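Nothing here was measured: the structure is a model prediction, and the numbers come from that model.
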Amino acid sequence: MTIIGIPQGWPADERTALAVQEDLRGRLELGEPGPGVGEGNVTGVDVAYDDERDLVAAAAVVLDARTLDVVAEATAVGRVSFPYVPGLLAFREVPTVLAALGRLTADPGLLVCDGYGLAHPRRFGLASHLGVLTGLPSIGVAKNPFTFGYEQPGEQRGEFSALVAEGETVGRALRTRAGVKPVFVSVGHRVSLERACAHTLHLTPRYRLPETTRRADALCRRALGEALTAQSG
DNA sequence: GCGACAG
DNA sequence: ATCTTGTCGC
């Protein structure tokens with residue numbers, strides 16, 4: 001197994017990361033509708049950590065958007081490239097995720113990330129970074145509301161409310177299962193919020209979280225486990 | 001000023 | 001994210 005290194009020039013401190021983030025944000029494309037629901041491929045990405053051994057495993061799982069069948073999958077294991085700092089999560093996950101995406105043999109299509117896009121202190125979260133860096137349309141589907149405010153959406157699947165920050169709508173609290181805690185959807189790159197939510201509903205025929213992130217989550221945990229076994233025990 | 005804060 | 005048993009339910 002190969003453990004990928006941290007890329008040359010990758011930010012090592014908060015100040016540099018903030019500057020890089022601001023630069024990437026200048027390349028963000030908003031307002032485009034993005035691919036239609038059920039069209040082409042849709043790819044879930046996620047990572048798992050072992051802080052003890054300073055390892056991070058990433059997984060990318062490509063699904064046929066129409067059938068939700070797995071079309072391709074890839075993993076990568078790397079060194080943790082940045083400490084966890086709220087607002088700078090992307091700098092911790094991006095290098096290894098890009099390595100996994102690079103190993104895919106199928107067109108990723110739309111990227112579905114475990115975290116935020118526009119719903120971010122500086123309106124540029126993990127999904128935005130991955131979208132801009134790959135050029136792919138991307139959305140963020142998070143499990144928690146972070147620091148944002150929202151009204152409880154209606155109890156039925158498909159109902160939603162605005163995620164608000166500084167009086168501005170940055171995403172939606174979307175109910176994917178009746179009576180279950182909503183997920184928090186925001187735009188990453190080249191996809192409208194309306195369509196991001198439609199994709200999310202299409203990807204949640206059975207569970208609260210999208211099939212993409214469920215599959216990527218399971219795969220990156222498995223990859224991390226295998227990496228630890230391979231390392232020693 | 002201090003704490004909380006996606007994963 | 002991760003530390004973690006049993007348990008309820010499909």
Student: Could you state the CG-P distance from D54(A) to dA1(C), rounded to the nearest angstrom?
Tutor: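 After rounding, the reported distance stands at 19 Å.
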Student: Where the side chain of R221(A) is defined as all heavy atoms beyond and including C-beta, which of dA6(B), dT2(C), dC5(B) is the nearest nucleotide?
Tutor: dT2(C)
Student: Picking from L28(A), V170(A), L30(A), V187(A), what satisfies side-chain contact (heavy atoms from CB on, under 4.5 Å) with R123(A)?
Tutor: V170(A)
Student: Using whole Å, what does the distance between atom C1' of nucleotide dC5(B) and atom CG of L163(A) come to?
Tutor: 14 Å
Student: Salt bridge check, R92(A) against D54(A): does any charged N sit closer than 4.0 Å to a carboxylate O?
Tutor: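 Looking at R92(A) together with D54(A), the answer is no, because their closest N to O distance does not fall below 4.0 Å.
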Student: Do you know which of F146(A), F148(A), Y116(A) makes side-chain contact (heavy atoms from CB on, under 4.5 Å) with F184(A)?
Tutor: Y116(A)
Student: CZ of F146(A) versus P of dA1(C): gap in Å, rounded?
Tutor: 15 Å
Student: Does NZ or CZ of R172(A) come closer than 6.0 Å to the centre of the six-membered ring of F160(A), within 45° of the ring's axis?
Tutor: yes
Student: Nearest whole angstrom, please: distance from the C1' of dG7(B) to the CG of L130(A).
Tutor: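 Atom-to-atom, L130(A) to dG7(B), this comes out as 13 Å.
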Student: Looking only at side-chain atoms of D46(A), point me to the closest of dC5(B), dA6(B), dG7(B).
Tutor: dG7(B)
Student: Nearest whole Å is fine: how far is dA1(C) P from L89(A) CG?
Tutor: 10 Å
Student: Among dC5(B), dG7(B), dT2(C), find the nucleotide with the atom closest to the side chain of P86(A).
Tutor: dC5(B)
Student: Just how far, in rounded Å, is P of dA4(B) from OH of Y84(A)?
Tutor: 13 Å
